[in-house]
Amino acid sequence: KLNGFYPGTSHIAFGMPVPWLGKRFTLTPEGGTNIFSGLGGTLARLLTHRYKHFVHESDGTVSGYNFKTLTGAGLRDPQVQVLKLDYNLPENPGIIRIIYDELVQVDPGRYLGKVYVQALPGWFLFVGFFELKAMQKVSVEPAVSIAAPAVPTMPEPVIPEAGVSALQSNAA
C-alpha cells in the first residue's frame, strides 16, 4: 500500500523533460492523483481545458487526473502482481480516462511503472515507463545526544588527619 507523495521521473516523451513531478497516493479511498510543476499544470489545462478538478497547491504545484488503485495480474506479464492505476473515473476527461498504469516495486522504496493507453476496448498500447521513489523519512529525534559530555572527575585526595600517616588513613 502506497501512501503520500512519491516523486517521479517520466520515460515517455522520447527522453524529453516532462513537467510531471510524481504521484500522491491515498489509502482511503485507495487511489491518488498526479502532481505537476506549475508549468505542467498550465500545459495540462491547455490539453484538457474542460477538466475542473485541478488543485493549485500551496507549494506552487498542481494536482489533477485522479486514479483508483487495485492489485492484480499485469497486462503483458500476468504472472506478476502489480498495482494498477485506473484513470477511468467520471471526473477525468476522455483523453485521460483511457490511460492505465501498472506499478511494481523494484527495490525498497523504488517503483517502476508502465503506461498504457486503451486503443480499443480490451486492447492496450504500451507507451512508456515512469519511476517513483519513496520520500526519505526525516527524523525529528537527534541521532546523537546533544547534551554536553560528562567530564571525568578525579577522586578527591585523601588528606590524612593530624598525627595519622597516609597509609593508615587509606586503610580505614
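FYI, side chains are in, hydrogens and waters are out, and symmetry mates aren't considered; it's all heavy atoms of this structure.
- How far CZ of Arg24 is from CG of Leu2: 14.0 Å, rounded to the nearest 0.5 Å.
- Using a 4.5 Å heavy-atom cutoff, the side chains of Ser63 and Glu57 are in contact.
- Clustering ILVMFWY residues whenever any of their side-chain heavy atoms sit less than 4.5 angstrom apart, transitively, puts Val80 in the very cluster that holds Phe129.
- Classified by interplanar angle (parallel below 30°, tilted 30° to 60°, perpendicular above 60°), the ring pair Phe25/Tyr6 is perpendicular.
- Note: the hydrophobic cluster containing Tyr116 also contains Leu112 (ILVMFWY, side chain heavy atoms under 4.5 Å, direct or indirect links).
- Counting heavy atoms from C-beta outward, Leu75 and Tyr100 have side chains that approach closer than 4.5 Å.
- Hydrophobic clustering, with ILVMFWY side chains joined whenever heavy atoms are under 4.5 angstrom apart, groups Val127 together with Ile98.
- Residue Ala73 comes nearest to Pro78 through the heavy atom pair CB-O, 3.3 Å, listed as atom of the first residue, atom of the second, then distance.
- The two atoms that bring Leu120 and Gln118 nearest to each other are O-CG, 3.2 Å, heavy atoms only.
- Counting heavy-atom neighbours within 6.0 Å of Leu27 CG, excluding the residue itself, gives a total above 12.
- Considering only residues two or more places apart in sequence or on other chains, Lys1 meets the salt bridge (charged side-chain N to carboxylate O under 4.0 Å, His left out) condition with Glu30.
- Rounded to the nearest 0.5 angstrom, Ser10 OG and Leu132 CG are separated by 10.5 Å.
- The hydrophobic clustering, which links ILVMFWY residues whose side-chain heavy atoms are closer than 4.5 Å, places Val115 and Val104 apart.
- Side chains of Asn92 and Phe67 form no contact here, defined as non-hydrogen atoms less than 4.5 Å apart.
- Under the 3.5 Å distance criterion, the side-chain polar atoms of Thr33 are matched with a main-chain donor or acceptor of Gly64.
- Residue Thr48 holds its OG1 atom at 10.5 Å from CG of Leu43, rounded to the nearest 0.5 Å.
- Looking at heavy atoms from C-beta onward, Tyr87 lies out of side-chain contact with Arg97 at the 4.5 angstrom threshold.
- Partner of Asp101 under the salt bridge (Lys or Arg N to Asp or Glu O under 4.0 Å) criterion, chosen from Lys84, Lys114, Lys23: Lys23.
- Ring geometry for Trp20 versus Phe130: interplanar angle over 60°, hence perpendicular rather than tilted (30 to 60°).
- Atom CG of Asn66 sits about 12.0 Å away from atom CG of Asp86, to the nearest 0.5 Å.
- For the atom pair CD1 (Ile99) and CG (Asn88), the distance works out to 11.0 Å, reported to the nearest 0.5 Å.
- Between Tyr111 and Leu83, every side-chain heavy-atom pair lies at or beyond the 4.5 Å cut-off.
- Transitive grouping of hydrophobic side chains (ILVMFWY, heavy atoms separated by less than 4.5 Å) brings Tyr51 and Val18 into a common cluster.
- Note that CD of Glu102 and OG1 of Thr71 are 11.5 Å apart. Values are rounded to the nearest 0.5 Å.
- With a 6.0 Å radius and a threshold of 12 heavy atoms from other residues, nucleotides or ligands, Arg76 has its CZ atom above the threshold.
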